Student: 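Quick one: the structure is below, questions incoming.
Keep in mind the model is a prediction, meaning the values are calculated, not measured.
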Amino acid sequence: MSDLYERIYAVVRRIPRGRVTTYGQVARLAGMAGHARQVGYALHALPEKSRLPWHRVVNRRGEISRRSIPQAEAIQKLLLEDEGVVFDGKGRIRLDRVLWIPSGFSRRSSGR
DNA sequence: TTTATGGCTGTCA
DNA sequence: ATGACAGCCATAA
């Protein structure tokens, strides 16, 4: 297990309930800006027994990213809904509403 | 060692 | 708003 993964997991674990964030955001918080995909890899390699709220990580569009197993997309959606995350008619999340921004980190590139 | 891929993102149309 | 391209870089073969 690499330390990179540990960092990613640590960041994801900090995501509050009912809140979501993007891969890029997690990557940045983990100190590996630009490695958004590696975040996805880390989550992919994550054991299911893990309590990591991987479902709180979505892509930048605010939707469930397409991955190897489409099945998990539905699961993730259910988990999020269970936490109070609201999806719109297109199955997407209002990032402007539930996006988790940790203290000390402003929005990307001079805001909005 | 190199090559291919991928749970992404930013820019351009 | 979405679709298409390119860049980025760790992991897998």
Side-chain angles (χ1 to χ4, degrees):
Chain A
M1 184 67 71
S2 304
D3 297 305
L4 296 314
Y5 279 35
E6 291 297 324
R7 289 190 187 184
I8 295 172
Y9 298 155
V11 173
V12 175
R13 205 168 320 224
R14 282 161 60 186
I15 304 176
R17 193 161 179 264
R19 243 356 118 84
V20 300
T21 188
T22 66
Y23 293 96
Q25 201 69 240
V26 174
R28 189 185 310 184
L29 296 175
M32 32 193 300
H35 298 204
R37 297 201 287 208
Q38 275 54 258
V39 174
Y41 270 136
L43 297 181
H44 181 121
L46 189 68
E48 315 206 358
K49 58 181 181 178
S50 213
R51 303 288 181 162
L52 202 71
W54 58 273
H55 53 266
R56 292 178 189 154
V57 185
V58 296
N59 67 15
R60 198 168 167 280
R61 286 183 175 181
E63 57 183 44
I64 313 300
S65 299
R66 313 218 307 156
R67 46 169 180 287
S68 306
I69 52 178
Q71 228 169 241
E73 297 181 26
I75 297 174
Q76 182 169 9
K77 185 172 182 292
L78 291 176
L79 288 171
L80 288 174
E81 289 181 319
D82 184 62
E83 293 192 349
V85 177
V86 184
F87 284 80
D88 63 4
K90 297 187 182 107
R92 292 189 306 198
I93 308 171
R94 298 177 90 186
L95 285 182
D96 57 354
R97 192 169 186 171
V98 296
L99 182 60
W100 173 63
I101 307 295
S103 333
F105 281 85
S106 45
R107 307 183 189 260
R108 24 178 145 265
S109 305
S110 321
R112 166 54 88 78

Student: Between B:dG7 atom C1' and A:Arg56 atom CZ, what is the distance in whole Å?
Tutor: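 Roughly 17 Å, once rounded to whole Å.
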Student: Return the value, rounded to whole Å, for the distance between atom CD1 of A:Ile93 and atom C1' of B:dG7.
Tutor: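 Atom-to-atom, A:Ile93 to B:dG7, this comes out as 13 Å.
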Student: Starting the side chain at C-beta, find the nucleotide from C:dT2, B:dT9, B:dG7 nearest to A:Arg61.
Tutor: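 Comparing C:dT2, B:dT9, B:dG7 against the side chain of A:Arg61, the answer is C:dT2.
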Student: To the nearest Å, give me how far apart CG (A:Asp88) and P (C:dA1) are.
Tutor: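 Rounded to the whole Å, the gap is 11 Å.
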Student: Quick check on side-chain contact (heavy atoms from CB on, under 4.5 Å): which of A:Leu29, A:Thr22, A:Val26 does A:Trp100 satisfy it with?
Tutor: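 It is A:Leu29; the other options fail the test.
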Student: Test A:Val20 against A:Val57 for side chain to side chain contact (heavy atoms under 4.5 Å, CB included), laying out the working first.
Tutor: CA-CA 6 Å; A:Val20 300; A:Val57 185; over 6 Å; no
Student: Could you tell me the separation between the CZ atom of A:Arg66 and the C1' atom of B:dG7, rounded to a whole number of Å?
Tutor: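 After rounding, the reported distance stands at 11 Å.
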Student: Please name the nucleotide paired to B:dG7 by Watson-Crick or G-U wobble geometry with both distances under 3.5 Å, or report none.
Tutor: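 Partner of B:dG7: none.
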Student: Could you work out which one of B:dT5, C:dC9, C:dT2 sits closest to the side chain of A:Arg37?
Tutor: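 So the nucleotide nearest the side chain must be C:dC9.
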Student: Tell me the interatomic distance from A:Met32, atom CE, to C:dT11, atom P, rounded to whole angstroms.
Tutor: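 My rounded result for the distance is 8 Å.
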Student: How many Å lie between CG on A:Asn59 and P on C:dT2, as a whole number?
Tutor: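 The answer, rounded to whole Å, is 11 Å.
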Student: Give the rounded distance in Å between these two atoms: CD of A:Glu63 and C1' of C:dA1.
Tutor: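 One finds 12 Å between C1' of C:dA1 and CD of A:Glu63, rounded.
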Student: Which nucleotide in the list B:dG7, B:dT9, B:dC8 gets nearest to the side chain of A:Leu43?
Tutor: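 Of all the options, the side chain of A:Leu43 is nearest to B:dG7.
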Student: Between C:dA10, B:dC8, C:dT2, which one does the side chain of A:Arg92 approach most closely?
Tutor: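 So the nucleotide nearest the side chain must be C:dT2.
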Student: Could you check A:Gln38 against A:Met32 for side chain to side chain contact (heavy atoms under 4.5 Å, CB included), going step by step and ending with a plain yes or no?
Tutor: CA-CA 9 Å; A:Gln38 275 54 258; A:Met32 32 193 300; 4.0 Å; yes
Student: Identify which nucleotide among B:dG7, C:dT11, C:dC9 has an atom closest to any side-chain atom of A:Tyr23, counting heavy atoms from C-beta outward.
Tutor: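 Output: B:dG7.
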Student: Take the protein atom CZ of A:Arg67 and the nucleotide atom C1' of B:dT5, then report the distance between them rounded to whole Å.
Tutor: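 Value for this atom pair: 17 Å.
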Student: Once you round to the nearest 0.5 Å, how far does CZ of A:Phe87 lie from CD1 of A:Ile64?
Tutor: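 Rounded to the nearest 0.5 Å, the CZ-CD1 separation comes out at 4.5 Å.
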Student: Is there a Watson-Crick or G-U wobble partner for C:dC8 with both distances under 3.5 Å, and which nucleotide is it?
Tutor: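 No nucleotide pairs with C:dC8.
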Student: Taking the side chain of A:Arg60 as heavy atoms from C-beta outward, which of B:dG10, C:dT2, B:dT5 is closest to it?
Tutor: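 Of the options given, the side chain of A:Arg60 lies nearest B:dG10.
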Student: Report which part of the nucleic acid A:His44 touches: base, sugar-phosphate, or nothing (heavy-atom distance under 4.0 Å, all strands).
Tutor: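 Result for A:His44 = base.
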Student: First locate atom NZ of A:Lys77, then atom CD1 of A:Ile93, and finally report the distance between them rounded to the nearest 0.5 Å.
Tutor: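 Answer rounded to 0.5 Å: 9.0 Å.
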Student: Taking the side chain of A:Tyr5 as heavy atoms from C-beta outward, which of B:dG7, C:dT11, B:dT9 is closest to it?
Tutor: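 Within the option list, the nearest is C:dT11.
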Student: When only distance counts, do a donor and an acceptor, one from the side chain of A:Gln38 and one from the base of B:dG6, lie under 3.5 Å apart?
Tutor: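 Counting by modelled atom types and ignoring angles, a donor-acceptor contact under 3.5 Å is found here.
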